[in-house]
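Notes to accompany the following structure.
Each chain gets a letter, A, B and so on, in the order the sequences are listed, and its residues count up from 1. Because the structure is predicted, anything quoted here is derived from the model rather than measured.
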Amino acid sequence: MKLSEKNKDFFQDVFDVARLIPEGKATSYGAIAKYLGAPRSSRMVGWAMNAAHTHTDIPAHRVVNRNGLLTGKMHFATPTLMEELLEKEGIKVKKDKIVDYKKIYWDPNIELAL
DNA sequence: CCATTGACTTAAG
DNA sequence: CCTTAAGCCAATG
């Protein structure tokens, strides 16, 4: 039997997509959820991220809500770590919100299409 | 099994 | 701009 076939957990898919996010880019929970075929499970993506940051080296700071707002910053080691990491990659953050979010927005449905 | 919660999203006031 | 509320699905107690 194929393990890769059986291990298709929602979390695992989220981890994979999150790792594929290029530096200086960011995406939304909904976009990832939709790419995984669950546009209504945006919350599960956030849940996966929570598990991800303790399990693997997932750039969770590149995943924000639809407004580009750093809603998950409070779950990082420090409430400012997320902004620091984003700015370090060239992403400007103003008042917990990504500047020019649409410009740095990375949609897996488009980038990973095909 | 039922109740609560949450790193979401949209809508309404 | 801020707060509520409802819809959504999975994890947790």
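The two atoms that bring A:A31 and A:Y105 nearest to each other are CB-OH, 3.1 Å, heavy atoms only.
One atom, CG of A:D9, and another, C1' of C:dA11, lie 13 Å apart when rounded to the nearest Å. Here the P atom of nucleotide C:dA10 and the CE atom of A:M44 are 7 Å apart, to the nearest Å. What separates CG of A:N50 from P of B:dT5 is a distance of 16 Å, to the nearest Å. Taking atom CZ on A:F15 and atom C1' on B:dA7, their separation rounds to 13 Å, with Å as the unit. Look at CG on A:L81: it is 16 Å from P on B:dA7, rounded to the nearest Å. Residue A:M74 contributes atom CE, which lies 13 Å from atom C1' of B:dT5 at whole-angstrom precision. Taking atom CH2 on A:W47 and atom C1' on C:dC8, their separation rounds to 13 Å, with Å as the unit. Put simply, CZ on A:R40 is 18 Å from P on C:dA6, counting in whole angstrom units.
The local environment of CZ in A:R40 is sparse, with at most 12 non-hydrogen atoms from other residues, nucleotides or ligands closer than 6.0 Å.
A:A60 comes within contact range of at least one nucleobase, with a heavy-atom separation under 4.0 Å.
Side chains of A:H61 and A:E84: no donor on one and acceptor on the other come within 3.5 Å.
Between A:F11 and A:K97, the one whose closest nucleotide on DNA chain C sits nearer the 5' end is A:K97.
Contact check on A:K25 versus A:E111 returns no salt bridge, with no Lys/Arg side-chain nitrogen under 4.0 Å from an Asp/Glu carboxylate oxygen.
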Where do A:D96 and A:K73 land on the salt bridge (Lys or Arg N to Asp or Glu O under 4.0 Å) test, with the steps shown first? CA-CA 8 Å; A:D96 304 348; A:K73 59 181 288 183; 2.7 Å; yes

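With sequence neighbours excluded, no residue forms a side chain to side chain donor-acceptor pair (under 3.5 Å) with A:E87.
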Can you check nucleotides 9-13 of chain B for protein contacts, nitrogen or oxygen pairs under 3.5 Å, and list what you find?
from	atom 1	to	atom 2	distance (Å)
B:dT9	OP1	A:R66	N	3.2
B:dT9	OP2	A:R66	N	2.9

